[in-house]
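Heads up: the structure comes next, in structure tokens.
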Amino acid sequence: MRKSFVAGNWKMNTTAQEALNLARGVAAGLGGVACDVAVCPPFVYLDAVARTLKGGPLAVGGQNMYFEGKGAFTGEISAAMLKDVGCRYVILGHSERRHIFGEQDALINAKVKAALAAGLDPILCVGETLSERDGNQTLGVVERQTREGLQGVAADALPRVTLAYEPVWAIGTGRNATPAQAQEVHAEIRKVLAALYGRNAADAVRIQYGGSVKPENASEILAQPDVDGALVGGAALKADSFLAIVKAAK
Ligand code: PEP
């Protein structure tokens with residue numbers, strides 16, 4: 001039985017004070033929640049948020065990182081730095097990284113391996129664009145991104161990886177995949193994982209859905225058999241809406 005996992009991706013939002021208030025507001029509402037929950041603030045607020053949440057059930061994650069350990073990589077953040085300030089997770093291959101910043105599967109794969117080596121648990125995002133969906137390429141794109149993102153990841157590290165299916169056309173648009181569309185792609189991702197690692201290993205991996213998840217649509221999507229939680233953007237910026245999604249997780 002997989003334990004659901006809901007993560008909030010704050011993207012480039014909040015001031016320092018807003019970040020602390022939001023983190024405290026989410027933490028305060030987690031009583032009795034059985035699933036894993038994390039918040040992913042901007043880099044500059046990670047340290048303060050992680051200190052505030054230390055010892056509690058609400059985990060902290062980074063939104064990105066670079067794969068090199070250290071050195072002359074101006075503007076970048078390493079896995080060890082995220083770990084050092086108290087992160088447990090890191091989001092990798094988010095569609096905004098892929099499509100605004102041009103990140104490709106090989107780079108994302110290097111980041112996944114560096115995160116695992118540093119003791120961070122990666123959330124590997126995959127998902128098709130609208131033109132890929134319209135061109136019936138969804139399953140092929142998601143298969144490629146999953147295979148290439150996990151290239152060289154050993155079977156014993158797989159339980160630490162979360163996949164996030166995030167159709168690009170549903171992120172920040174208010175347009176979410178239907179529960180059936182989400183289930184179809186999640187099942188396909190699990191099939192790819194089974195081909196790579198075996199059925200038992202695949203059955204243990206959590207696959208989040210992300211793309212305009214809101215309190216109003218969360219229950220239906222999260223009830224799908226292969227949907228094991230959510231990666232939430234806009235609705236994670238208010239404690240009450242994020243908590244409503246957390247509470248809808250099975
Ligand atoms: C995201 O940023 O991963 C995301 C799913 O955003 P939103 O919920 O705003 O669509």
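Along the sequence shown, residues are numbered consecutively beginning with 1. Counting starts at 1 for both ligands and their atoms, following the listed order. Everything quoted here is computed from the prediction, not taken from an experiment.
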Could you give me the CA-CA distance, side-chain angles and deciding distance for Glu128 and Trp169, then say whether side-chain hydrogen bond (donor to acceptor under 3.5 Å, both in side chains) is met? CA-CA 8 Å; Glu128 81 287 2; Trp169 48 271; 2.8 Å; yes

Are the side chains of Phe242 and Val39 in touch, meaning some heavy atoms are under 4.5 Å apart? yes

Hey, does the side chain of Asn109 reach the backbone of Gln151 with a donor-acceptor pair shorter than 3.5 angstrom? yes

Against Asp226, only a single residue in His186, Arg190, Lys191 fulfils side chain to side chain donor-acceptor pair (under 3.5 Å); can you say which? Arg190

Compare all side-chain heavy atoms of Tyr165 with those of Val227 and state whether any distance is below 4.5 angstrom. no

Min side-chain heavy-atom separation Ile77-Tyr66 under 4.5 Å: no

Contact residues of ligand 1 (heavy atom under 4.0 Å), by chain and number: Asn9, Lys11, His94, Glu166, Ala170, Ile171, Gly172, Gly210, Gly211, Ser212, Leu231, Val232, Gly233, Gly234

